[in-house]
Structure formats: C-alpha cells, structure tokens
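The block underneath contains the structure these notes are about, expressed in structure tokens.
In what follows, every heavy atom counts, from backbone to side chain, and hydrogens, waters and symmetry copies are set aside. Numbered from 1 within each chain, the chains take letters A, B, ... in sequence-line order.
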Amino acid sequence: MLTVKDLFVRVEDKEILNGINLQVNAGEVHAIMGPNGSGKSTLANVIAGKDGYEITSGEVTLDGKDLLDMSPEERAREGVFLAFQYPVEIPGVSNASFLKTALNEIRKHKGLEELDAMHFLKYMKEKMKLIGIDDKLINRPVNQGFSGGEKKRNEIFQLQMLQPKLAVLDETDSGLDIDALKIVSHGVNTFRNKDNAVVVVTHYQRLLNYIVPDFVHVLVNGRIVKSGGKSLALELEDKGYDWVTAAEPAEESV
Amino acid sequence: MENIKSKDWYLTNFKTIEGSINGESKTPFHELRRKAIEKFEEVDFPTAKDEDWKYTSISEILKYKFESAETIKVSKEEINKHLIPGLKVNLVVVINGNFSKELSHIHKQADGVRIDSFKNLRKSDPDLIMEHFGKHAQIDNGFVALNTAFANDGIVISVPDNAAIEDYVHILNLTGNGTSNVLSQPRNLVIIGKNSAVKVIESYHSISDTESLVNVVNEVSLGENSHFGLYKLQKECNRSFHINRTQAHQSKGSEFTHFSITLGGSIVRNDTNIVLDGENCTGNLFGLYLTEGTQHVDNHTLIDHAKPHCRSNEMYKGVLNDKSRGVFNGKVFVREDAQKTNAYQSNKAILLTADCKVDTKPQLEIYADDVKCSHGAAIGQLDEEAVFYLRSRGIGEELARKVLIRAFANDIFETLTSAELHDHLNHLVYDKLK
Ligand SMILES: Nc1ncnc2c1ncn2[C@@H]1O[C@H](COP(=O)(O)OP(=O)(O)O)[C@@H](O)[C@H]1O
Ligand SMILES: [Mg+2]
C-alpha cells in the first residue's frame with residue numbers, strides 16, 4: 001500500500017530525514033518509534049503533503065501512485081489520512097459542516113453520490129457513538145476550546161468518518177489519560193481491516209498495548225535504525241533509545 | 001467643461017435647479033437647501049488634510065462631473081434579481097435617487113404608519129419633514145452639504161407610538177443609466193414612535209457598469225423603548241462611488257442595530273453615527289467588507305454615549321484581496337454624565353495578499369469614571385495551518401480558503417436574525433470569493 005523509498009527531506013537547509021525506506025502492506029499496522037526530534041512528524045507531514053519541506057530525493061507512493069506529485073487534498077481523496085500531533089483550532093467552522101464537506105469531496109472523487117443532510121447525520125451518529133463524542137462537541141467549531149484529549153478523540157472520529165486507506169497517527173496518545181487512550185484505541189482497532197493500513201507514530205510504548213502493531217521501526221536522526229516485531233517496542237521501553245543509538249554506527253550526515 | 005472645478009460644477013448645477021423650481025424657492029424647506037449650498041461652498045469636498053479623510057482620497061471621484069438623472073425604465077426581472085429569496089418585505093424601489101411607485105410594493109399598514117417618498121411628503125406633510133430634515137445629520141462635510149442642498153426625493157418611514165411594521169422594508173436602490181455619470185442623492189428619514197419597531201434593508205445596486213456617485217443621507221429618530229434594525233447591503237459595480245451618512249438619535253430604552261456589508265464599489269465611505277441620548281439604550285454596529293482589485297472601503301463610526309446606563313457593541317471585519325484598501329475609524333465618546341456605560345468595540349481584518357492594506361484607528365474618549373469600555377484591533381493573514389488541516393481532509397485549496405474566510409466573518413453573520421437575509425448574504429459573500 002504505502003511505499004517510501006530512500007526519502008531525504010530537508011527543512012531550511014537542515015537534513016531531517018536521511019534515507020527512509022518503509023513498506024506498509026494492506027492489513028498491517030506499523031509503529032514508528034523514536035526520541036523527540038528524530039523526524040517522526042516530518043515523515044508523517046511529508047506523507048500528508050504539508051508545505052515547507054524540501055524533498056531532495058526519494059519516492060512515496062500509495063498503491064503505486066506517486067503521492068509527492070499530489071496536493072494534500074488529492075492525497076486525502078486517494079485515501080491518506082493524518083491524525084495531527086497538534087490538531088488546529090478553526091473558529092467559525094462547525095465540526096459537523098466541516099466533516100460533511102470533507103466527506104462529500106472524497107465521495108465525489110470516488111464517483112460516489114454526495115450524502116444529503118439526513119443520510120450524513122445518520123452516518124455521523126453511528127460514528128459518534130463508536131468514539132463516544134457527543135452533540136455538543138459536534139456542533140462546536142472544529143477543535144475550538146477542546147481539551148487535549150478531546151482534540152485527539154476528534155482526530156480518530158474523523159478517521160472513522162472518512163474511512164481512508166492509510167491512516168498515519170502522529171502521537172495520538174500524547175496527553176491522553178488511560179480511559180481516553182482506550183477509547184481512541186478502540187476507534188483505531190475497529191477501523192482496521194484487511195484492506196487498509198495504519199502507521200502509528202509514537203514516542204512511548206504504552207499505546208502499542210492497545211493498538212498492537214505487526215511491525216515496529218525505530219527512527220533516530222532521520223533514519224530507521226532498527227525494525228522488528230511488536231516485541232521490539234517492549235525492548236525499547238525496557239532499555240531506552242540509547243540502546244539502539246549505541247548499537248548503530250555513529251555516522252551522521254549533516 | 002473639464003476645467004471646471006468640482007465645487008463650481010455643483011454650485012452651477014444648484015443655480016440651474018433653483019431657477020426651475022418657481023414657487024418652491026420661497027418655502028422653508030428650500031431655505032434649508034440654500035443654507036446647505038452656502039455651507040458646501042464654504043467647506044468644499046474633504047481633502048487628506050481633514051483628519052477624518054486622512055486615509056481616503058476622493059480625488060478619483062472629483063474627476064467626474066456627476067449629474068442627477070431621471071428615473072429610467074427598469075424591468076420587473078431586473079428588480080427580482082436583487083430581492084432576498086423567501087423574505088416577505090415591503091418593497092420600495094428607488095431609481096437614481098427617485099422613488100418608483102410602479103415598481104414598489106407596500107403592504108397595507110396600521111393607522112398612522114407611513115412608508116412614502118420624501119418628495120410626496122414634502123407636499124402632503126411638510127411639517128413632518130421640517131421637524132426632522134437636517135435635525136440629526138449635521139452638515140460637517142461637503143457630501144452631507146451636497147445631499148442636503150440637492151435634497152429632493154428618498155424614502156420616509158414614520159411609525160406612531162405603539163406600532164410596528166411587521167415585515168422588513170426593503171429599500172432597493174438602483175443607480176445608473178448607461179449614458180451619463182449619474183449622481184443619486186437619496187434623503188431618507190426614519191421616525192419611530194415610542195414602543196414601536198421597524199426593520200429596514202437598504203440595498204444598493206448598479207443598473208450599468210459605469211461611474212456613478214451615490215451620496216445618501218439617512219436620518220433616524222428612535223422614540224423611547226423603540227427598536228430599529230437597519231441592514232445595509234452595498235453591491236454596486238466596482239466602478240461606482242458610494243458615500244453614506246447614517247445618523248441616529250436614540251431616546252431612552254431604545255435599541256438600534258446597524259448592520260453593514262460592503263461588497264461593491266470603487267470608493268466606499270460609510271459614516272455611521274449614533275447618539276445614545278437616554279438611559280438604557282443599546283446601540284449595535286456590525287460591519288463586514290470584502291474588497292478586491294483596487295477597491296477602497298472606509299468605515300467611520302461614532303458612538304456618542306450621552307446618558308448613563310447604556311450599552312454599545314461594535315464589531316467590524318474586513319477581508320482584503322489584491323491591492324485593495326480598508327479604513328476603520330471607530331470613535332466612542334463617553335460623556336461626563338454617562339456613568340455605567342458599557343462600550344465594546346472590535347475591529348479585525350484579514351489581508352489575503354501583501355499588497356493590500358488596512359488603516360485602523362479606534363478612538364475612545366471617556367469623560368465618565370464608572371464605565372466599562374474595551375476595544376481591540378487585529379490585522380492578520382489567513383491561518384495557513386488551518387488551510388492545510390482542511391486540505392488534509394480532502395477539501396480543495398480554494399474551498400478551504402473560502403470556508404476559512406467565511407468562518408472569520410461568522411460572528412458578524414450570527415447577529416442576523418432573519419434566516420433568509422442570512423442565507424442571501426452568505427451566498428453573496430461566497431460568490432464574491434470566487
Ligand atoms: N518547520 C521546521 N523548521 C525548522 N526545523 C524543523 C521544522 N520542522 C521540524 N524541524 C526540525 O526537524 C527535526 C525533526 O522534527 P520532528 O519531525 O517534529 O520530530 P519528532 O516528531 O520526531 O519529534 C527537529 O530537529 C526539528 O527541530
Ligand atoms: Mg512529532
């Protein structure tokens with residue numbers, strides 16, 4: 001599904017990603033772990049198409065289609081979804097109308113009929129129940145005045161609403177208490193199926209107790225220094241990131 | 001003719017008109033007009049030296065020799081294009097400043113309620129006109145002087161005590177004739193009795209895509225505990241010039257809401273002035289402008305808190321594109337007497353390009369000590385993080401920007417109580433953002 005090949009990314013003359021290779025197949029969950037500043041969000045943002053990153057070389061494709069050549073909206077319509085590390089507050093735009101517009105733009109792209117107000121509402125209610133989001137939150141402006149946990153929950157609610165092919169979750173666990181973490185994980189686990197894929201970006205192992213990954217990659221200084229199964233996450237938790245950085249020959253490209 | 005100074009052009013025109021009105025030249029009404037032209041001769045048009053016109057140059061307006069024009073034939077279809085879908089109104093059509101009886105449609109009203117032309121009432125009820133004409137709007141600049149000197153027609157709405165005009169009155173102004181530079185100078189009066197209520201929509205449209213000058217004066221008098229809502233839509237073509245003075249006098253317990261949305265025009269200047277001249281008055285001033293190209297929109301407001309225990313609530317927002325310009329000047333006076341005043345003012349603008357500009361100047365002059373006054377101004381750009389957020393959910397860039405601009409204006413829209421008017425204006429805003 002997602003293929004990242006030899007990806008090098010620079011921000012303001014600083015090399016952030018130094019040759020990332022990643023193959024994510026349908027039905028899989030991959031976790032990308034790494035210390036702060038290792039480039040996790042950069043990778044997630046480059047996949048989603050955020051401005052401000054200079055891609056010096058490499059490829060990112062989704063089912064063979066070149067993502068780097070697409071605008072962010074085209075990527076979203078093709079099935080890319082990024083759950084933001086820091087969801088943006090948008091005063092004046094209600095959650096519900098925002099999601100209706102987004103969903104219908106995606107449906108149009110797929111050649112599906114747009115949902116009318118009634119069908120949209122019915123569909124939304126189902127998803128609200130699943131994520132435990134209430135009417136008050138839905139009618140408020142997007143993320144405005146939401147607590148950290150509510151914002152993250154809203155991201156997963158959007159994931160459920162839009163049903164992408166590839167979900168990239170950037171630190172969705174940060175700032176969540178244990179109850180919220182369970183709800184969010186439940187939202188992701190019910191999303192998972194054999195036709196889609198999830199990339200979980202996280203600093204901590206905790207989330208991976210609930211969203212169990214098939215593969216774990218460790219990102220340090222913009223490079224994947226170690227990959228393995230889900231046990232790698234536990235090992236990391238135990239030994240800390242120094243363990244992998246120490247194991248890696250210290251050649252840093254600047 | 002090109003060499004005639006603007007001032008002389010209008011002075012000569014006044015003489016010509018005066019020579020043709022025969023008996024009317026002896027009336028007290030005309031006496032006021034004559035005083036106004038003298039005042040005009042004295043003050044002339046404003047220049048950049050006038051503090052109130054510092055950021056708005058009218059030299060472009062003075063390049064043209066505008067003349068008043070007759071009503072021209074306008075089809076029902078043309079009128080229908082400008083109606084607010086689904087909204088039941090008393091329709092009053094004004095063409096080039098002249099009331100059009102054929103195109104208007106006014107429902108039967110309660111006893112004593114009048115919705116009529118200024119011209120008719122000058123003959124049928126001169127006392128009413130003389131009681132209010134020029135009593136509220138001071139002649140403090142050349143434009144008000146000119147409107148007063150040439151005052152001929154416009155709309156008068158008069159409501160006695162304990163009455164209401166149930167539906168909105170929609171004063172639909174059309175300007176242009178495609179052949180000359182039309183000068184339209186409606187003079188409108190709204191007189192509301194005690195405990196009465198009126199809602200008026202004044203909309204401005206062009207008949208032809210030509211340079212025209214609309215120079216309006218609205219005088220408003222609100223009786224005790226009355227309610228008045230005035231909703232102004234400026235949607236003339238981008239070659240037109242528009243000057244609007246609205247002056248409202250509020251008696252105790254009254255509530256006035258002024259809503260102004262400016263979409264069209266080359267140079268637009270709005271002066272909205274209210275005097276809260278009794279206890280427990282509420283004055284609401286809400287405004288929105290969207291500019292593009294080289295449009296220039298200047299909103300001046302003056303809120304005069306003359307008595308205690310009054311509230312004023314002011315919010316203006318602008319969205320500027322291309323090389324357009326915006327000006328906001330909000331004066332709030334709180335007089336020595338006006339204790340327990342509550343005055344809130346906010347002014348915000350979004351600049352969509354690096355070439356547009358807003359000059360903003362809040363002016364609070366407070367002479368009472370027990371008051372709550374606040375003001376805030378903010379000028380910024382569209383939040384690019386928010387643009388990306390919407391795009392990352394599949395919403396195209398253009399639509400994302402529109403949604404965010406519309407969202408910026410949302411609290412202005414939320415003040416509208418009519419769903420039909422809300423939806424219509426919403427539509428026009430989205431159209432303009434294309
Ligand atoms: N827009 C930016 N401008 C400058 N430096 C940036 C920018 N975005 C990220 N960086 C730098 O890139 C590195 C990786 O950041 P990020 O991808 O956010 O890491 P992570 O998500 O793993 O904490 C950090 O050193 C950070 O300071
Ligand atoms: Mg990060």
Side-chain angles (χ1 to χ4, degrees), chain A residues 44-53 67 70-95 97-110 114 141-144 151 154-155 157-159 161-164 166-168 170, chain B residues 261 286-290 315-319 346-350 352 354 376-416 419 422-423 425-427 429-430 432-434:
Chain A
N45 291 340
V46 165
I47 292 171
K50 192 169 190 220
D51 263 359
Y53 299 98
L67 283 185
M70 296 181 199
S71 65
E73 56 269 33
E74 285 169 325
R75 298 179 199 206
R77 292 168 193 167
E78 287 290 335
V80 175
F81 180 93
L82 169 66
F84 285 66
Q85 180 171 5
Y86 305 107
V88 187
E89 300 198 8
I90 310 182
V93 180
S94 89
N95 248 320
S97 75
F98 156 58
L99 273 173
K100 183 161 181 271
T101 308
L103 184 64
N104 280 332
E105 290 293 310
I106 292 169
R107 288 179 66 91
K108 260 197 295 199
H109 178 76
K110 289 183 180 162
E114 291 184 39
V142 180
N143 294 325
Q144 200 186 16
K151 283 181 185 168
N154 197 24
E155 294 293 291
F157 171 62
Q158 292 175 29
L159 166 73
M161 288 293 293
L162 302 178
Q163 292 289 320
L166 173 74
V168 180
D170 191 0
Chain B
I261 178 165
F286 305 124
L288 175 66
Y289 58 96
L290 272 75
M315 183 164 55
Y316 267 77
K317 287 195 168 181
V319 178
S346 134
N347 159 239
K348 291 185 179 160
I350 287 189
L352 298 176
I379 296 168
Q381 279 91 40
L382 216 52
D383 179 358
E384 290 300 324
E385 296 283 328
V387 174
F388 176 64
Y389 191 81
L390 296 182
R391 294 177 73 187
S392 78
R393 299 301 183 244
I395 299 172
E397 180 173 10
E398 214 184 283
L399 181 58
R401 290 185 186 278
K402 275 192 208 180
V403 164
L404 292 173
I405 291 169
R406 172 59 184 79
F408 168 72
N410 202 45
D411 40 12
I412 302 283
F413 273 93
E414 276 178 350
T415 67
L416 292 166
H422 176 282
D423 292 352
L425 295 180
N426 193 32
H427 201 83
V429 164
Y430 266 100
K432 168 105 189 190
L433 294 175
K434 263 183 192 141

Which distance, rounded to the nearest 0.5 Å, do you find between the [atom1] of [X] and the [atom2] of [Y]?
| X | Y | atom1 | atom2 | result |
| --- | --- | --- | --- | --- |
| A:Leu162 | A:Arg107 | CG | CZ | 11.5 Å |
| A:Met161 | B:Arg393 | CE | CZ | 12.0 Å |
| B:Tyr316 | B:Leu288 | OH | CG | 10.0 Å |
| B:Leu425 | B:Leu416 | CG | CG | 6.0 Å |
| A:Phe157 | A:Asn154 | CZ | CG | 7.0 Å |

Need one label for [X]: side chain, backbone, both or neither, based on atoms under 4.5 Å from any heavy atom in chain B.
| X | value |
| --- | --- |
| A:Glu74 | neither |
| A:Asn143 | side chain |
| A:Pro87 | both |

Salt bridge (Lys or Arg N to Asp or Glu O under 4.0 Å) evaluation trace for A:Lys100 with A:Glu114: CA-CA 9 Å; A:Lys100 183 161 181 271; A:Glu114 291 184 39; over 6 Å; no
Most contacts with chain B, counted as non-hydrogen pairs under 4.5 angstrom, among A:Glu105, A:Arg75, A:Gln158: A:Gln158
Contact winner vs chain B - A:Pro72, A:Pro141, A:Ala76, heavy-atom pairs under 4.5 Å: A:Pro72
Top of B:Glu414, B:Glu384, B:Arg406, B:Glu385 for chain A proximity - count of heavy-atom pairs under 4.5 angstrom: B:Glu385
Structural part of B:Asp383 lying under 4.5 Å from a heavy atom of chain A: side chain
Residue B:Glu397 versus chain A: region with a heavy atom under 4.5 Å: both
